[in-house]
Amino acid sequence: MAFSIVTWNINSVRLRLPIVLELLETWQPDVLCLQEIKCPNDQFPSAAFKKAGYEHLAVHGQKGYHGVATISRSAFTSEPEPMSFCDSGHTRHIATRHKIPGVDGTALLHNFYVPAGGDEANPDINPKFKHKLEFLNAMLEAFTGNLAHEKNIVVGDLNIAPSEHDVWSHKQLLKVVSHTPIEVDLLNKLRDDAAFTDLVRQHFPEPEKLFSWWSYRSRDWAVSDRGRRLDHIWSHADIAAQLSGVDIMRDARGWLKPSDHVPMRAVFG
DNA sequence: ATGGTGGACGCTCCA
């Protein structure tokens, strides 16, 4: 009895509702985690998701920017949990609790939209990059502190491509925010200190190139293939032991009116 | 070295 979780930065859930419903039809995941829904809670298209069989919704949105939502076919095993990660009022996180077949107890599923960080990789002159580092440090503190006893799953747009095999050109992106050593080191420290397994790399080991995002600002994304792996699925070891598959839906980048990110799923059991 | 595109919002910000 498999259980699957999908994560997708949708870049406006209202504009792209048709392709989200298409994805649900194709993959029929148990849980879908969306980032950049770009709408307040009361404008989230809840009715369409309920009609599609996803009756349990945890929406944390705001007007115009950011926003995350986790939707599920089965009930959460407790109320969705709001937490603050130094996000200065931004809606960048929601946690929901789930029973996963084969895993003792419950899993706490964290849906994240980490700040992109602006253009300049210097926290002294760029407040957006400073915010990104503070957000990651708050995640480090939480997952090595009060959340350390939980069976955590972290999914979402972490806005960092950590490995040289997670970008089209390591050398050309070393000074580009998303792949600079300061943020990569911090993300790797978070993963290691909090004992997370990178499930996507567990399934597709290095040195295979993996991308989940391609910029809108290129003539032909598929030909130039200048992608980055900005989206991630991590978990506690007990949950990683149940992983049976990972898929990255690269084709979705070529759909009509696509998001610049593609959906990614982990299957357990 | 530069600028390229896209979404929300409302005379501009963010990615």
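Just so it is clear, the structure is predicted and the values come from calculations on it, not from any experiment. Just so we're on the same page: letters track the sequence lines, and every chain starts at 1.
The separation of B:dC14 from B:dG10, taken at their P atoms, amounts to 14 Å, rounded to a whole angstrom. Comparing B:dA15 with B:dC9, their P atoms are spaced 15 Å from each other, to the whole Å. Taking the P atoms as reference points, B:dC11 lies 36 Å from B:dA1, given to the whole Å.
Comparing A:Asn9 and A:Lys38 by the nucleotide of DNA chain B that holds the closest heavy atom to each, the one mapping nearer the 5' end is A:Lys38. Comparing A:Tyr113 and A:Tyr216 by the nucleotide of DNA chain B whose heavy atom lies nearest to each, the residue mapping closer to the 5' end is A:Tyr216.
Cation-pi geometry between A:Arg226 and A:Trp168 is met: the NZ or CZ atom falls under 6.0 Å from the ring centre, inside 45° of the normal.
Among the atoms of the strands shown, only primed sugar atoms or phosphate atoms (P, OP1, OP2) are found under 4.0 Å from some heavy atom of A:Arg14. A:Arg228 comes within 4.0 angstrom of no nucleic acid atom, judged by non-hydrogen atoms across all strands.
No hydrogens or angles considered: a donor-acceptor pair under 3.5 Å links the side chains of A:His110 and A:His93. No donor-acceptor contact under 3.5 angstrom links the side chains of A:Asn11 and A:Glu36, judged on distance only. Between A:Thr7 and A:Asp231, the side chains place no donor N or O within less than 3.5 Å of an acceptor N or O (distance only, hydrogens not considered).
Reading DNA chain B from its 5' end, the first and the last nucleotide to sit under 4.0 Å from a heavy atom of chain A are B:dG4 to B:dA15.
Interatomic distance, A:Phe268 CZ to A:Ile5 CD1, rounded to the nearest 0.5 Å: 4.5 Å.
A salt bridge is defined here as a Lys NZ or Arg NE, NH1 or NH2 lying under 4.0 Å from an Asp or Glu carboxylate O, and A:Arg253 with A:Asp225 fails to meet this definition.
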